[in-house]
Amino acid sequence: MRTGESGRRAGMNEIIFMLGDWPVRSIDALIGFGVLVLILLIAIAVVIARSGRRGAELAMAHAIRADELEERLSQVLHAQSEAAGRADAMTQALAGRQAEMARAVNERLDSVTHRVGQSMEHSTRNTMESLRALHERLGIIDNAHKNLTDLTTQVTTLRDVLANKQSRGAFGQARMEAIVQDGLPKGAYEFQFTLSTGKRPDCVVFLPDQRPLCIDAKFPLEAMTALHDARTDEEKRLATQRLRGDVMKHVSDIAEKYLVTGETQEMALMFVPSESVYAEIHDGFDDVIQKAYRAKVVLVSPSLLMLAIQVMQQIMKDARMRDAADQIQTEVIKLGDDLGRLRERVLKLQKHFADANEDVRQILISADKIEKRAGRIEELDFSKTEAPAEGPRLVATGAPELFPRKLQAGE
């Protein structure tokens, strides 16, 4: 036993390690370990005590915070409920606004669609009308173009015709013949009539004194074209002299050839088949017109020739009426005799109608008597006294007579 204790003590005194110069034995290590354990326990106790006090403080703080959080949570929940109510109200308001907006948009879309449809229909109708009008205009333009083409061809042909003197003369004569034929009856004129001198004017018109009025067609186109084409004063002067000379030559030829004393009229007509050429001569060459008038040659255009033909036609008509004056007087006398015979026959017919009217009146009187006598027979009244006969019913009823009075002579 003691050996074991001594062994334990020896073991306790055993040096475990050296701490510097200080030997550390097992007992010292145990004591140090015990002290260390004790210090740890004290530290743990202190820590536990401090942690308990802090836990209480923390628990109290946590409780306060929990109350605050609960109060805030309740406030948040209340605010959330209010926000939810406001959100519902706003949702309903927005839904109503959205429905109104959708309805307004639909109405506006319907109105816009209707207007757009009407506008498109109106635009389509206007477009169709414009296209139809354009088509008609194009048709008119095509016709005008065709007419213009034909007119161009005719103008070209006319220019080719007028470029030749013989063709130009034939053109003027053809126009003159057409005007004369349209205005005068057959037999009152003759083309290419031969005078006693052997000259043959283009046309003569036989007036009431049987002296022909000579008409000759002249067309001074070359001199007029040169006057129009002149650019300088010298060219215009030369063209003017040429035109004056050509016209005066034609006037002299007509006066010498177709004015025959005692055979033809004292005046002849020079037919210019162009209104523009005649107007140019009449406006710019008054001296030529006066000289031609003194030479007893009158220049006429197509319109003036038509007027002269109408005057001649009226003169011929008046002459025919003067020639037939005796016959007209004889016919008037015969007409008066026929009228007298017609008057006598009408008077006879009136007498026959008067006699027939009297006979009808007597027949009506007899018919009235027969009717009255039949009435008395029906009533068995055979009284000898008879009422005076009444007039015929036709007269009593106021019926008009066929001839209330005789026709008098001259009515």
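Each residue takes its place number in the sequence, starting with 1.
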Between the OG1 atom in T232 and the CG atom in L238, the distance rounded to the nearest 0.5 Å is 8.0 Å
Do T240 side-chain atoms and K236 backbone N/O form a donor-acceptor pair below 3.5 Å? yes
Could you tell me whether E344 and R341 make a salt bridge, using a distance below 4.0 angstrom between a side-chain N and a carboxylate O? no
Taking atom CZ as the centre, does R97 end up with more than 12 heavy-atom neighbours from other residues, nucleotides or ligands that are less than 6.0 angstrom away? no
Rounded distance [0.5 Å steps], CD1 in I289 versus CG in L299: 4.5 Å
Which pair of heavy atoms, one from I309 and one from L184, lies closest together, and at what distance? CG2-CG, 3.7 Å
Do the non-hydrogen side-chain atoms of R108 and V112 ever get within less than 4.5 Å of each other? yes
Shortest non-hydrogen pair, S274 vs P302, comes out as N-CD, 4.2 Å
Can you check whether F285 reaches L243 side chain to side chain, under 4.5 Å on heavy atoms? yes
Less than 4.5 Å apart, side chain to side chain, heavy atoms only: is that true for D253 and D216? no
Distance in Å, K348 NZ paired with F353 CZ, rounded so as to fall on 0.5 Å steps: 15.5 Å
Lys/Arg-Asp/Glu bridge criterion (N-O < 4.0 Å) met for D142, K146: no
How far does CG of N357 sit from NE2 of H352, to the nearest 0.5 angstrom? 14.5 Å
Identify each donor-acceptor pair in which a side-chain atom of residues 185-199 lies under 3.5 Å from a protein atom, sequence neighbours left out, and give them as a table.
from: S196; atom 1: OG; to: E263; atom 2: OE1; distance (Å): 2.3
from: S196; atom 1: OG; to: E263; atom 2: OE2; distance (Å): 3.4

Do V298 and M267 touch side chain to side chain, with heavy atoms closer than 4.5 Å? yes
Distance-only polar pair, side chains of Q314 and Q310, donor-acceptor under 3.5 Å: no
Just wondering, do H114 and D110 contact through their side chains at under 4.5 Å, heavy atoms? no
Pair K218, D246 - check salt bridge (charged side-chain N to carboxylate O under 4.0 Å, His left out), show working. CA-CA 10 Å; K218 300 296 182 182; D246 291 348; over 6 Å; no
Does the side chain of H122 pick up a donor-acceptor pair with the side chain of N126 at under 3.5 Å? yes
Any non-hydrogen side-chain atom of D368 less than 4.5 Å from a side-chain atom of E371? yes
Are more than 12 heavy atoms from other residues, nucleotides or ligands located less than 6.0 Å from atom CZ of R125? yes
P273 and R175 have their tightest heavy-atom pair at O-NH1, 2.7 Å
Answer yes when D355 and K351 have at least one side-chain N-carboxylate O distance shorter than 4.0 Å, and no when they do not. yes
Using a 6.0 Å cut-off, check whether atom CD of Q98 has over 12 heavy atoms from anything other than its own residue. no
4.5 Å side-chain heavy-atom contact, V251 and K291: no
Nearest heavy-atom contact between M316 and L207 is CE-CD2, 4.3 Å
d(H135 NE2, E129 CD) to nearest 0.5 Å is 15.5 Å
Does E358 CD have over 12 foreign heavy atoms under 6.0 Å away? yes
Nearest non-hydrogen partners of R244 and V288, listed with the distance: CG-CG2, 3.5 Å
Rounded to the nearest 0.5 Å, how far apart are CG of L38 and CD1 of I42? 4.0 Å
What are the two closest non-hydrogen atoms of L259 and K296, and how far apart are they? CD1-O, 3.9 Å
Inspect the surroundings of CG in D359 and state if more than 12 heavy atoms from other residues, nucleotides or ligands are less than 6.0 Å away. yes
